[in-house]
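Notes follow the structure.
This structure is a prediction, so every number in the text was calculated from the model and none was measured.
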Amino acid sequence: MNALRNIALALCLLVVPYAHLAAATSEVNVYSYRQPFLIKPLFDVFTRESGIDVNVVFANKGLVERLKREGRNSPADLIFTVDIGRLHDAASAGVTQSMETPTLQENIPSQFRDPDGHWYGLTTRARIIVVSKDRVEQGEIATYQDLADPAWRGRVCMRSGKHVYNVALVASMIAHDGRESAEAWLKGVKSNLSRKPQGNDRAQVKAIQEGVCDLALINHYYMGAMLQDEGESEWANAVRIVFPDQGGRGTHVNISGMALTQSAPNRDNAVKLMEFLSGDLAQRMYAEQNFEYPVRPGTQISGLLESFGEFRGDDLSLVQVARLRADAIRLLDEVNFDE
């Protein structure tokens, strides 16, 4: 009898660790700069369909540094962030790994993924011009360059030039037109500002509604969020959307995206989540809930996004935009844009 007990105990000792490993493989761990309420609905659907739990650690900053400190012992499988610069920085810091699958390559156009497979875009966000419906006529402004026209002296609002959204835009201008042209544009826009750069994108729309200025640069999805907010809809209804440069290079677009971490203890599950998020259902959910444009071609967008109208985005490589960010920041400092 004692011999049988010993055998049973030995079997238990063998089985328990493997049961623990099986449980561990039913999860994926995400470090996210994106606020949880923006992505949790997508993760919930993924969990229902796959049986894989998604655990999220959210922070406003410092996640790349955390991954570097944790090294090979990091529990994180994926990092989520917004702005091509932050994705590029994560890859440059050595905390991501290269990974490609046929599904990701089919769903995500090459413009919106790293050529070496270190990051993948999930949504696009257009940097648009919003103008007062009452004080700016249709067709009176059509390009980013127009914002530097002296005709708009004292009529432009803008958040800090060194915010990542504006840095990426300036980097794209350097890529297209060269440094001297970008410098002249920044000086012209600065001369046209109605006040010192301040606030977030929503604050620029509010300023137009209040008569502080007549034009501003914002990311398009803020319009969707404000139109759905009873306290802010008045601001959004006071402005009209302009997609710049439709007769030329197209409107500047940035991305939100994801990257597989270097450690990724649940790599297979992480890849499944990445593929799910690039698929039709998740891409439609992004468009409906967050008012961002899907990266997956042919994905149906919400009626609200459709009401903004069709536009052509700039097809400039986002890798090139990321590499020119340092030049853009230096240029913003040289012209003292935020002063």
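Judged as a side-chain hydrogen bond (donor to acceptor under 3.5 Å, both in side chains), and not counting sequence neighbours, Q145 has no contacts. For R34, the salt bridge (charged side-chain N to carboxylate O under 4.0 Å, His left out) partners at least two apart in sequence or on another chain are E292. For H176, the side-chain contact (heavy atoms from CB on, under 4.5 Å) test picks out R249, D314, L316, with sequence neighbours left out. Take Q300 and apply the side-chain contact (heavy atoms from CB on, under 4.5 Å) test, not counting sequence neighbours, and it matches R284. With sequence neighbours left out, the side-chain contact (heavy atoms from CB on, under 4.5 Å) criterion links A270 to V28, D77, L78, L260.
Here disulfide (SG to SG under 2.5 Å) pairs that include residues 111-216, with residues two or more places apart or in two chains, are C157-C213. Every pair tested for disulfide (SG to SG under 2.5 Å) that includes a residue from residues 296-339 fails, sequence neighbours excluded, so the list is empty. For residues 98-129, no pair satisfies ring pair (Phe, Tyr, Trp, His ring centres under 6.0 Å), with sequence neighbours left out. Judged as a salt bridge (Lys or Arg N to Asp or Glu O under 4.0 Å), the pairs with a partner in residues 145-171 (not counting sequence neighbours) are, in order, R155-D214, R159-D201, K162-D333. For residues 56-85, no residue pair satisfies the disulfide (SG to SG under 2.5 Å) rule, not counting sequence neighbours.
Ring geometry for F43 against F80 counts as perpendicular: the plane angle is over 60°, on a 0 to 90° scale with 30° as the lower cut.
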For residues 54-61, run the donor-acceptor check on the side chains, cut-off 3.5 Å, and write out each pair with its distance to 0.1 Å, sequence neighbours left out.
residue : atom : partner : partner atom : Å
N55     : ND2  : E27     : OE1          : 3.1
N55     : ND2  : N29     : OD1          : 2.8

Taking only distance into account, with no hydrogens and no angle test, what donor-acceptor pairs under 3.5 Å do side-chain atoms of residues 317-324 form with protein atoms, sequence neighbours excluded?
residue : atom : partner : partner atom : Å
S317    : OG   : V319    : N            : 3.2

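A salt bridge is defined here as a Lys NZ or Arg NE, NH1 or NH2 lying under 4.0 Å from an Asp or Glu carboxylate O, and D44 with R48 fails to meet this definition.
Heavy-atom neighbours of E234 CD from other residues, nucleotides or ligands within 6.0 Å: at or below the threshold of 12.
Aromatic pair F291/Y221: ring centres not closer than 6.0 Å. Between F311 and H220, the gap from one ring centroid to the other reaches at least 6.0 Å.
Put simply, the residue from V30, I52, N266 that forms a side chain to side chain contact (heavy atoms under 4.5 Å, CB included) with L273 is V30.
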- Query: Could you go step by step and tell me if Q262 and R72 meet the side chain to side chain donor-acceptor pair (under 3.5 Å) rule?
  - Reply: CA-CA 8 Å; Q262 183 64 43; R72 295 176 61 183; over 6 Å; no
